[in-house]
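Working notes for the structure below.
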Amino acid sequence: MKTPKRYLITAALPYANGLKHIGHLAGAYLPADIYVRYLKAQKRDVVFVCGSDEHGTAIPIQATKEGTTAQAIIDKYHPIIEQNFKDLGIAFDIYHRTSDPLHHETASEFFKDLESRGDLETKTTEQYFDAQANTFLADRYIKGTCPNCGHSEAYGDQCEKCGKSLSPEELINPVSTLSGNAPIKKETTHWYLPLNRHEDFLRKWLLEEHANDWRPAVIGQCKSWIEGGLQPRAVTRDLDWGVKVPVAGGDGKVLYVWFDAPIGYISATKQWAINNDKDWKPYWNDPETKLVHFIGKDNIVFHCIIFPVMLKLHGNILPENVPANEFMNLEGDKMSTSRGWSIEMDDYINKWIKKENGGEAMADCLRFYLNSIAPESKDSEFTWKGFQDAVNGELVSIFANFVNRTWVLMHKLCNGKVPKIHIEHLDSEDNALILAVKEAKEKITDLLEQYKFRDAQFEVINLARLGNQYMQKKEPWILAKNLETDPTAQAKIDNCMHGCLQLTANLAILINPFLPFTAKKMCHLMKVVDRMLEWENAGNFNLLKVGYTLRAPELLFRKIEDEEIAAELAALKANSEVKKTKMETNNTNPAAEGEAANGIAPLKPEIVFDDFGKIDLRVGTIIEAKKVEKADKLLELLVDLGFEQRTILSGIAMHFKPEDIVGKQVTIVANLAPRKMRGIESKGMILMAEDANGKLYFVSPSEAIASGSSIA
RNA sequence: GGCGAGGUAGCUCAGUUGGUUAGAGCACAGGAUUCAUAACCCUGAGGUCCCGGGUUCAAAUCCCGGUCUCGCUACCA
């Protein structure tokens with residue numbers, strides 16, 4: 001395989017609307033960092049870019065909710081996230097931000113370029129418009145009842161309660177969050193990226209050229225999209241937060257966040273070039289540059305379909321690989337910040353990386369465990385017990401213990417100096433050790449080049465294990481007892497300790513991409529400069545000079561106690577309980593708290609009695625119920641309203657079995673306009689109540705009454 | 001419902017184009033040892049390779065059907 005001239009490595013831009021958890025870290029940033037550290041140790045020309053994604057509609061919405069500005073939100077989270085990464089040893093060459101003027105300029109230029117060459121289409125459609133605020137409403141500015149889970153405060157693009165992606169048209173009773181009025185439809189023109197024009201290109205590039213060297217899940221997902229028929233995709237929005245559309249007719253419009261965010265990789269590269277007096281262009285234009293995107297599986301489509309099409313049109317290089325990771329669960333459940341079931345990077349740092357708790361070494365402990373369970377081929381699971389086991393059982397017992405016993409013995413038996421080699425006493429064990437290090441280096445290099453970071457790290461630990469075995473066979477502590485009777489004893493001790501010391505130096509080089517703080521500490525113990533960590537030095541058994549005085553032993557890590565694990569588990573459970581009750585209180589008393597609110601939005605705007613009077617609510621009785629074919633969530637209900645029987649469809653199939661709800665009395669919106677779904681016309685709507693966990697309940701009269709009774 | 005990825009030891013995962021007795025680490029049990037953070041080292045126990053068919057001399061691996069988990073997608077008044 002030919003070595004690329006230079007590398008450009010990107011890690012997904014984190015959305016600057018809140019803290020990021022360790023699942024994000026394990027999914028994109030840690031593997032990217034390991035790869036980059038390895039490449040840099042190889043002295044390759046590499047730039048590692050990332051930055052905050054600060055546009056999109058979620059941020060201004062959140063600002064409104066919290067009574068602050070969008071700018072204030074991004075200014076709050078951008079530096080925190082940046083610092084979190086730093087604390088965990090994620091060493092970006094640049095951590096940029098999409099609110100920066102340079103990014104606006106870059107994204108504008110990109111758009112203009114595509115537009116001027118006819119690579120974009122415009123289309124005029126009807127969109128929701130707020131007449132009072134005199135503005136089009138972006139998806140996020142429209143709220144309504146989620147058709148999926150019935151959550152009453154779902155946004156036009158997504159319901160935060162159930163996580164379902166939505167379009168504004170799908171919302172029940174849409175309302176503008178600006179004025180509280182029902183939005184009207186109005187024509188607007190938008191720019192589209194016609195993905196359909198590039199099907200042949202994508203087919204060839206992904207399904208032929210990369211069918212075998214990309215991860216199966218990534219190719220599978222792409223194939224699914226291509227086979228499903230590619231559609232033109234809107235790349236602009238009616239919104240005033242973001243990069244302004246820089247062409248005629250673009251007033252009041254911005255680039256869609258998914259168009260502008262990946263361009264953030266380019267603007268970050270430009271900023272890096274400015275800071276370092278370099279030229280950014282070859283990194284994006286020269287085919288000899290190897291571009292790799294590190295992302296989570298939720299980003300596959302954007303990085304493998306949409307952005308590559310944009311890059312191709314704009315004349316840039318394409319990614320050489322996109323090693324997307326699956327998801328990391330936590331203690332048996334999906335990670336979710338809003339449900340309190342997660343470990344925020346910020347929390348981990350504050351608790352564990354404090355000086356008194358272990359400092360930087362604890363950053364490496366987290367890196368070690370996360371990488372050892374990295375979800376490279378399937379979803380994986382973080383458990384605190386697993387964390388403790390991995391750290392205590394492998395990092396401490398195998399790796400750190402080898403280094404420590406080497407150091408202690410070297411001070412006891414060799415005066416704290418690197419002993420000389422006595423060639424006449426070298427044996428097959430010594431030669432085997434040297435050979436094993438060389439082999440391990442080859443293997444680890446290979447695995448790293450293939451993005452198999454979990455296996456690569458395992459091999460490093462394995463090498464330390466080999467060191468323990470070597471020492472066990474040599475037993476220098478036994479030899480030390482025979483110094484007077486055995487004239488060769490000291491020579492044998494010297495050879496053994498020399499080997500262990502050279503192995504330690506090699507371990508420092510090989511562990512460096514994974515555990516940079518540890519490698520640094522090992523350099524300190526050996527009194528060598530960081531340059532020793534260069535990859536080419538691995539395999540060399542002459543890294544520490546004979547006679548060189550080394551520092552006193554110092555533990556690399558501390559053990560993690562049972563009580564600490566118990567405390568973390570308790571904290572996790574308590575936190576999720578707190579979030580749960582908060583959600584519930586917010587439901588009943590929305591004014592109680594102004595902060596984040598976790599998807600629970602405040603009360604809808606006040607209406608007058610006449611508004612309410614327009615709604616005709618009736619008691620109905622379900623007399624038949626069956627599942628709608630080819631629809632997971634829909635039930636087809638026949639409801640008796642006294643004066644007539646109606647077919648009503650309801651998206652509750654995930655919550656109720658048809659046979660269990662026959663005979664149930666329910667509340668019906670009887671004068672709602674009919675709507676066809678899955679070929680069946682639904683005449684009305686069933687009201688449902690929903691608790692904080694998303695469980696649904698029928699709204700029924702407390703005692704059975706006549707069907708058709710009105711409700712007011 | 002459609003599509004994609006998974007299901008292998010108690011846990012986390014390997015298993016290359018079908019080919020002896022299905023592997024590794026952790027955890028567990030026994031032994032040995034003391035230089036080392038009760039660490040290390042040696043040995044051992046453990047599996048209906050999700051289920052059912054089929055192809056084959058031979059299937060964890062290939063084909064068909066089913067089932068469970070995750071993701072994307074459709075459905076959501």
Side-chain angles (χ1 to χ4, degrees), chain A residues 144-150 154 159 162 164-166 170-174 215-225 227-228 296-298 300-301 326-327 329 334 369 372-381 383 385-386 389-390 392-394 396-398 400-413 452 454-455 458 461-462 464-465 467-480 493 496-497 500 553 555-559 627-635 648-654 669 672-680 682-687:
Chain A
T145 301
C146 173
N148 184 43
C149 69
C159 172
C162 65
K164 172 74 189 166
S165 300
L166 301 168
E170 297 176 273
L171 288 177
I172 305 162
N173 300 329
R215 292 187 178 168
V218 174
I219 287 298
Q221 173 94 244
C222 292
K223 194 174 171 203
S224 178
W225 258 68
E227 303 292 344
K297 69 173 163 185
D298 50 340
I300 288 174
V301 166
E326 307 286 305
F327 289 156
N329 295 325
K334 277 187 249 189
Y369 178 53
S372 74
I373 59 164
E376 288 173 2
S377 60
K378 53 185 162 190
D379 289 355
S380 69
E381 178 156 323
T383 63
K385 182 75 171 63
D389 283 348
N392 291 357
E394 293 181 63
V396 174
S397 300
I398 308 289
N401 182 43
F402 172 71
V403 175
N404 189 45
R405 65 199 295 212
T406 298
W407 245 247
V408 170
L409 276 177
M410 177 262 299
H411 273 87
K412 279 187 185 169
L413 309 180
K452 293 186 175 174
R454 200 179 48 200
D455 293 346
F458 176 81
I461 297 302
N462 225 12
R465 179 174 278 120
N468 280 318
Q469 290 165 354
Y470 171 78
M471 199 187 279
Q472 202 68 32
K473 274 179 195 145
K474 295 279 180 179
E475 295 185 311
W477 53 91
I478 302 282
L479 293 169
I493 290 173
C496 171
M497 294 321 297
C500 289
L555 295 182
L556 293 176
F557 304 101
R558 67 178 183 83
K559 285 207 152 194
K627 269 208 79 182
V628 175
E629 286 207 4
K630 300 188 178 183
D632 288 350
K633 290 165 189 164
L634 275 184
L635 285 187
I648 297 180
L649 297 184
S650 185
I652 57 174
M654 308 286 261
V669 182
L672 194 64
R675 157 97 179 214
K676 230 178 182 179
M677 287 174 276
R678 285 273 141 188
I680 305 164
S682 176
K683 297 173 185 166
M685 169 178 160
I686 309 224
L687 296 191

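Every heavy atom of this structure was used, including side-chain atoms; hydrogens, water molecules and symmetry mates were not. Per chain, numbering begins at 1; letters A, B, ... match sequence-line order. Just so it is clear, the model here is predicted, and its values are computed rather than measured.
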Presence of Lys412(A) side-chain N/O under 4.0 Å of rA36(B) phosphate oxygens OP1/OP2 | yes
Short side-chain N/O contact to rA39(B) OP1/OP2 from Lys559(A), under 4.0 Å =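 Result: yes.
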Side chain to side chain donor-acceptor pair (under 3.5 Å) against [X], all qualifying residues, sequence neighbours excluded:
X: Lys385(A); result: Asp389(A)
X: Asn401(A); result: none
X: Gln472(A); result: Arg405(A)
X: Asn462(A); result: Arg465(A)

With heavy atoms under 4.0 Å as the rule, sort [X] into base, sugar-phosphate or nothing.
X: Thr383(A); answer: nothing
X: Val396(A); answer: base
X: Leu479(A); answer: nothing
X: Phe557(A); answer: base
X: Ser380(A); answer: sugar-phosphate
X: Ile648(A); answer: nothing
X: Lys334(A); answer: sugar-phosphate
X: Ala400(A); answer: base
X: Arg454(A); answer: sugar-phosphate

Using a strict cut-off of less than 4.0 Å between a Lys/Arg side-chain nitrogen and an Asp/Glu carboxylate oxygen, indicate whether Lys334(A) and Asp379(A) qualify as a salt bridge.
-> no
Report the residues that fulfil salt bridge (charged side-chain N to carboxylate O under 4.0 Å, His left out) with Lys378(A), sequence neighbours left out, ordered by chain and then residue number.
->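 Here no residue qualifies.
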Footprint string (nucleotides 3-11 of chain B, 5' to 3'): B base within contact, S backbone only, - free, heavy atoms under 4.0 Å | BSSSS----
Could you tell me the separation between the CG atom of Asn401(A) and the C1' atom of rU33(B), rounded to a whole number of Å?
->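 Between C1' of rU33(B) and CG of Asn401(A): 13 Å.
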Of all residues at least two apart in sequence or in a different chain, which pass the side-chain contact (heavy atoms from CB on, under 4.5 Å) check with Lys473(A)?
-> Glu429(A)
For Leu687(A), which residues count as a side-chain contact (heavy atoms from CB on, under 4.5 Å) partner, sequence neighbours excluded?
->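 side-chain contact (heavy atoms from CB on, under 4.5 Å) check on Leu687(A) returns Leu617(A), Thr667(A), Val669(A), Met685(A), Val699(A).
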Please list, for nucleotides 41-45 of chain B, all pairs of protein and nucleotide N/O atoms separated by less than 3.5 Å.
from, atom 1, to, atom 2, distance (Å)
rC42(B), OP1, Gln469(A), NE2, 3.3

